[in-house]
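All ligand and atom numbering here is 1-based and tracks the order in the structure.
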Amino acid sequence: MIVKDSDNIYTECNIFLIGFMGSGKTTIANYLKETYDMDMVEMDSVISAQEGMSISDIFALHGEEYFRGLETRLLEDIQKKHGVAVSCGGGVPMREVNVKAMKKNGRVIFLQASPKTIYDRVKDSHDRPLLEGNKNVAYISELLEKRKEKYEAAADIFVETDGKEVSEIGEEIMQKLLVLEKK
Ligand code: S3P
């Protein structure tokens with residue numbers, strides 16, 4: 001799945017980055033795209049473009065279940081590709097069917113971040129309907145705790161992101177993927 005020569009590591013499987021809103025999934029997916037010449041999919045952006053409206057408007061107009069259905073459909077499409085770094089929406093691993101789709105031809109990386117780090121990263125954004133009116137460390141901490149079990153169950157690899165540089169996180173992912181492939 002992962003090809004390595006003396007200087008470079010190339011990945012042929014898909015890499016699914018999961019984790020809470022604001023855990024750095026899109027930043028890391030972009031790093032993998034630039035550094036390893038992978039394709040990159042940011043799920044929220046694709047869904048938003050497909051529907052012709054923001055994520056907040058999709059939630060407001062059609063409801064959360066409709067949005068979750070779009071996520072599942074998009075994952076099924078991604079399954080047909082390879083070498084894609086996917087920035088998943090924070091709710092993706094909550095559905096078993098999504099976890100199965102990711103695992104079919106990909107490795108799942110859980111980007112861990114503390115509630116305070118997450119808060120600092122999301123506090124100025126307004127396109128996360130689940131956080132509107134709830135943007136505080138206590139709420140983030142509570143929702144993270146509720147979701148943690150599912151994130152952990154879905155993950156092949158865990159990466160702590162607090163206080164680390166983007167490149168450091170990206171390289172840690174690639175090294176851990178190599179170790180996984182050797183097993
Ligand atoms: C959600 C996370 C968001 C987006 C939607 C719901 C969630 O994506 O899909 O607002 O349930 O955690 P990001 O994790 O990219 O912010």
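Ion pairing between a basic and an acidic side chain is recognised when a charged N comes within 4.0 Å of a carboxylate O; Lys116 and Asp120 show such pairing. The pair Lys164-Glu160 does not meet the salt-bridge criterion, since no charged nitrogen lies less than 4.0 angstrom from a carboxylate oxygen.
What sits closest to atom 14 (O) of ligand 1 on the protein, heavy atoms only, is Lys25 NZ, 2.5 Å. Of the protein's non-hydrogen atoms, Pro129 CD, 3.5 Å is the one closest to atom 10 (O) of ligand 1. Regarding atom 8 (O) of ligand 1, its nearest protein heavy-atom neighbour is Asp44 OD2, 2.8 Å. Here the protein heavy atom with the shortest distance to atom 16 (O) of ligand 1 is Arg128 NE, 2.6 Å.
Distances between N or O atoms of Gly90 and those of ligand 1 include at least one value under 3.5 Å.
The environment of NZ in Lys176 is crowded: more than 12 heavy-atom neighbours from other residues, nucleotides or ligands sit within 6.0 Å. By the neighbour-count criterion of 12 heavy atoms within 6.0 Å, atom NZ of Lys135 is densely surrounded, having more than that number from other residues, nucleotides or ligands.
Counting only N and O atoms by type, the side chains of Ser48 and Ser45 include no donor and acceptor under 3.5 Å apart. Side-chain atoms of Tyr66 and Glu51 form a donor-acceptor pair, as typed in the model, at a separation below 3.5 Å.
Between the Asn14 side chain and the Lys81 main chain, a donor and an acceptor come within less than 3.5 Å of each other.
Residue contacts with ligand 1 for Arg147 involve side-chain atoms from C-beta outward but no N, CA, C or O (heavy atoms, distance under 4.0 Å). Residue-level proximity to ligand 1 for Leu130 is carried by the side chain, the only part with a heavy atom below 4.0 angstrom.
Heavy-atom proximity to Phe67, at under 4.0 Å, picks out these atoms of ligand 1: 9 (O).
By the 4.0 Å heavy-atom criterion, Arg68 is counted among the residues contacting ligand 1.
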